[in-house]
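Worksheet: the structure to be examined is printed underneath.
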Amino acid sequence: MKKYDPKKIEKKWQEFWDKKKINKTDNKSDQPKYYILDMFPYPSGAGLHVGHPKGYIATDVVARMKMMQGYNVLHPMGWDAFGLPAENYAIANKVHPKVATYKNIATFKKQLGKIGFTYDWSREINTTDPEYYRWTQWTFLQMFQKGLAYESFEPVNWCPVDKTVLANEDLENGCCERCGSPVERRPMRQWVLRITKYADRMLNDLDKLPKWPEAIKEMQRNWIGRSEGAQIKFPLAEKDKFIEVFTTRPDTLFGVTYVVLAPENKLVDELKNKINNWPEVEKYLNEAKKKSDLERTELQKEKTGVKLDGVFVMHPITREKIPVWIADYVLASYGTGAVMAVPAHDERDYEFAKRYNLPIKEVIQPLVTREKGEDGFRRNIPVNERHAVVAVIKHWSEDKYLGVEWKKTGWKGFVIGGIENGEKAADAGVREIVEESGYKNVKFVRPLGGIVHAQFYQMVKNHNRLAHFEPALFQLEDGEMVETSDEEKNLHEFKWLKPEEFSSYITHPDMQIVWDRLQGNYCYGGNEKIDGFSLDGILTASSEFDGLAIAEAKEKIVAELEKNHLGKKQVNYKLRDWVFSRQRYWGEPIPIIHCDKCGVVAVPEKDLPVELPKVKNYEPTGTGESPLANIAKWVNVECPKCGGPAKRETNTMPQWAGSSWYYLRYIDPKNSKALVDKKLEKYWSPVDFYVGGAEHATRHLIYARFWHKFLFDIGVVNYEEPFTRLQNVGLIMAEDGRKMSKRWGNVINPDDVILKFGADSLRIYEMFMGPFSQAVAWSTNGIIGARRFLEKVWFMQEKLADSFEADKKLLNTLHQTIKKVSEDIEDMRFNTAIAKMMELANEMSKAEKVSKENFALFVQILAPFAPHFAEELWASLGHKKSIFTEAWPKFDPKLAVSETFTLAVQINGKIRDTIEVEAEISEAGVKELIMKSEKVQKWLEGKEPKKIIYVKGKLVSVVV
RNA sequence: GCCGCGAUGGCGGAAUUGGUAGACGCACACGACUCAAAAUCGUGCGGAGCAAUCCAUGAGAGUUCGAUUCUCUCUCGCGGCACCA
């Protein structure tokens, strides 16, 4: 028996697959198609580390199984090769980025080749190839013609180190995702894609993607951040001039006590000559401008702002005068860049109002409904209304408050007492405190805000109660008490609690609101659900809208505004339009020409691609122009419209451009007439399975879905969603638990692993490490197990025998394994698939001889994981053709079921015995059998079983 | 702060309509082979106990004949978002 020598075997079979074109994908087939895709890599100078191939191995395993199952499989690979690292390398080393990029690609390709993938390299694509980016530019022009690509002059994120503009998606905590420096806000001309026009479709279509991870969809929903509300106009003194605000809470309109503009809001400048304190305002504007986004968010605890002295708006309904402020807690980029401030019902406005002593006007009284539990509000039974005082009682000498627990219900809160007709809350409080608690010398201190409503089911009286609580603070003068009735004593339990203990003592949110007021917090948002309760509100101090609940008030108030053309319903998104230009060299040139006479003109389609010219210096200019601006020969062109002198756009596209549609180009990579041929697109689309890192959830996967929907709208593709099924790969961490990085010196190169253990061991190990989507640390020890497993299978060749009746148990395991491996590969549970094959190997290697047929079946299901290894064994079994042209084994359901099983016997829920029994044993048989067991008799202690529960094929439980 | 996910031996992990917790692999210990070592093979391997047995799936409670699995509360860890009005 020759040794298992992966080095020899792997090279041999890789060459064989090449020669026999095993991996070549035909565009025509009678078989069903299966398109499985990896997120293509950025070919960095560092080469691959062992983390990169994890996802590729997984798709390769699936691809190989699907091939064997009779699918026409498309499994391509390419390069996302534009981007900053290559450019920065070029700047440092004076090498053209193209040269460095192609060198890196060669390295990557060589490394990938060693792992034995099924990639069809005749379909390789490269986003930096002019024949590829011709179509990236072409799509941009289509967007431009549809008004989806436009020039904007708004302030944008500027990275001072990389000297380029960045999209929101390129930021991490207000810092450049690449270099980590804080970004500045700079008003600059730039190209922007109107992705917000697709926001609703992108949001709604997430529901059509059942095979995407729920977490990713949720991230996208949050990123899109749809919110429904109203746009409301607050008239300025000047006729037909307004401050327009966006709000999700038009119901709080009567609570507006001031209006705030973002410092960047253009109105500030327009109002300049009306502002009496301009120097002060200007100073604030300058300070705000200097602050980076990071500083702005870091300083979020302390809100700042300046009043625009002399400027007022009119309330759109009451016509009252309302002061106007500027403050940088209002974002210029969201909504209208202005808000109506309602300090009584918005945390941020509340904070600001407190700091600057602005009026706080309550217009929503809390309404707490108990939804769950015994005191849950019952629908359709009568409601009984009642006024009551909620008495917060302070200790006579210590800093403690009196907590009350209702013994029957477990409610914890304050002393509550009914207010009789004509009685004042203060008097009712004093009376109730004495009655309930016995404390005799009570003094009313002050009310704690307005009414809090609560609805719940009153168990004792058997009706719904709508309570109108009037919270108030009382103080005991001393500890003197009167005797309370026995009845009262049995109702409550009293406890003196420190303020910090009180919050967790309280069981109901209505009482929490009262407690918060004592702490000085009078802000109430409402419209929430918290476990078992729903928080709503009832309008007050809102003229004819008084008494309405929040939802109804929103409708009615917006309707009222609409009558006067001062407001309308409005939907806003957190998602911003996609800032699409970069002031750098190594990207697709934006195919636009600027003509003095004709303005912004599209490069005619026949002139595409607009190729990147050679430059001497790749250094970014820092002026907002790319290095391309310095090449007069390239920049100066004739206007395609009028023939006059014109200049090319010098900004380039972001790295995300090319990756937004690359999966389409694999279908038809060499087409010079179209982005993709329609027939081929129809055959291969959509991508059936897409595997890659979760870090792309709100970038690549948002952009690609947008790009695809646009291509759908212009008829290039025939499906609305590009990726039917999505799966995330978990990172492979270094052995020290950190990320693999040059910086830490903990990078493991797959080449070294392959040299020592072989590619098949690497493949098996990476699939065996743990659940596929979970991050795991690399373990060099761990890979030994994979190699040992292969060795074990290898040496089984020594005991192969021709047909004979194999052991039933072994056959049983074999067919169970075929079943499990097939299912597990489909569901990306590679680790358990391999574990099961290891069990099979352990069992088989213990047998004296193994039949060739059974061994062949094993080799076939192992083949997707260890393809070179399997081919070698397959050939030594006497086969001439590749194992991957063979049909995937089917398990025999009869053989997959065993004849006996181990019956577990429980007595009172604890396992007391196990008995090996026939699979088809009857329930009566089981009961009879277990009574014979000594152990059962011992635990029964002579008693009769109360109940016997039999779970077929598993266990029997005896209750004594 | 908000949203999502997770916590099981020395380690990676397994266990789905709630039914024998720790499959499989690594590490470790002992034995066989060997002059010796490596490799390989065999045995053991959650904790306590001589044993019967008891305890154990982040902590606490609940439902159940039976809970790693379901419900509630809490702690810790990871990921995302973060003044979005």
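Order of the sequence lines sets the chain letters (A, B, ...), proteins ahead of strands, with each chain counted from 1.
G4(B) shows a glycosidic angle more than 90° from 0 and is accordingly assigned anti.
Summarising the base pairing, G1(B) is matched to C81(B) through a Watson-Crick or G-U wobble pair whose two defining distances lie under 3.5 Å. Base pairing analysis places U34(B) opposite nothing; no Watson-Crick or G-U wobble pair with both distances below 3.5 Å involves it. Both distances falling under 3.5 Å, in either a Watson-Crick or a G-U wobble arrangement, place A48(B) opposite U53(B). Within the shown strands, U43(B) is the pairing partner of A29(B) under the Watson-Crick or G-U definition, both distances less than 3.5 Å. Judged by Watson-Crick or G-U wobble contacts below 3.5 Å, the nucleotide C76(B) has G6(B) as its partner.
Here the nucleotide nearest the side chain of Glu218(A), chosen from A85(B), U53(B), C3(B), is C3(B).
A salt bridge is absent between Glu351(A) and Arg355(A): the closest approach of a Lys/Arg side-chain nitrogen to an acidic carboxylate oxygen does not fall below 4.0 angstrom. Ion pairing of Glu218(A) with Arg221(A) is present here, as a side-chain N (NZ or NE/NH1/NH2) and a carboxylate O approach within less than 4.0 Å. Ionic pairing of Lys289(A) and Glu287(A) is not present here: no N-O contact between side-chain nitrogen and carboxylate oxygen is shorter than 4.0 angstrom.
Among the protein residues, Arg788(A) comes within range of the sugar-phosphate backbone only, with heavy atoms under 4.0 Å from sugar or phosphate atoms but none that close to a base. Lys910(A) comes within contact range of the sugar-phosphate backbone alone, with a heavy-atom separation under 4.0 Å but no base atom that close. Nucleic acid contact class of Lys938(A) (heavy atoms, under 4.0 Å, all strands): sugar-phosphate only. No engagement by Ser333(A) is indicated, since no non-hydrogen atom pair under 4.0 Å with the nucleic acid exists. Nucleic acid contact for Arg829(A): none, since no nucleic acid atom lies under 4.0 Å from a heavy atom of the residue.
If you take atom C1' in A15(B) and the same atom in U57(B), they sit 11 Å apart, rounded to whole Å. Taking atom C1' on both nucleotides, G13(B) is separated from G62(B) by 30 Å, rounded to a whole Å.
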* **Stepwise side chain to side chain contact (heavy atoms under 4.5 Å, CB included) test for Ile57(A) and Phe865(A)** => CA-CA 8 Å; Ile57(A) 295 170; Phe865(A) 295 92; over 6 Å; no
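Of the residues in residues 764-772 of chain A, those with a non-hydrogen atom less than 4.0 angstrom from any atom of RNA chain B are Phe768(A), Met769(A), Pro771(A).
Residue side chain Gln906(A) reaches the base of G19(B) through a donor-acceptor N/O pair under 3.5 Å, judged by distance alone. For Lys574(A) against C81(B), a side-chain-to-base donor-acceptor contact under 3.5 Å is absent.
One N or O on the side chain of Arg249(A) and one on the backbone of Gly525(A) form a donor-acceptor pair closer than 3.5 Å.
In this structure, Tyr334(A) has its ring center no closer than 6.0 Å to that of Tyr573(A).
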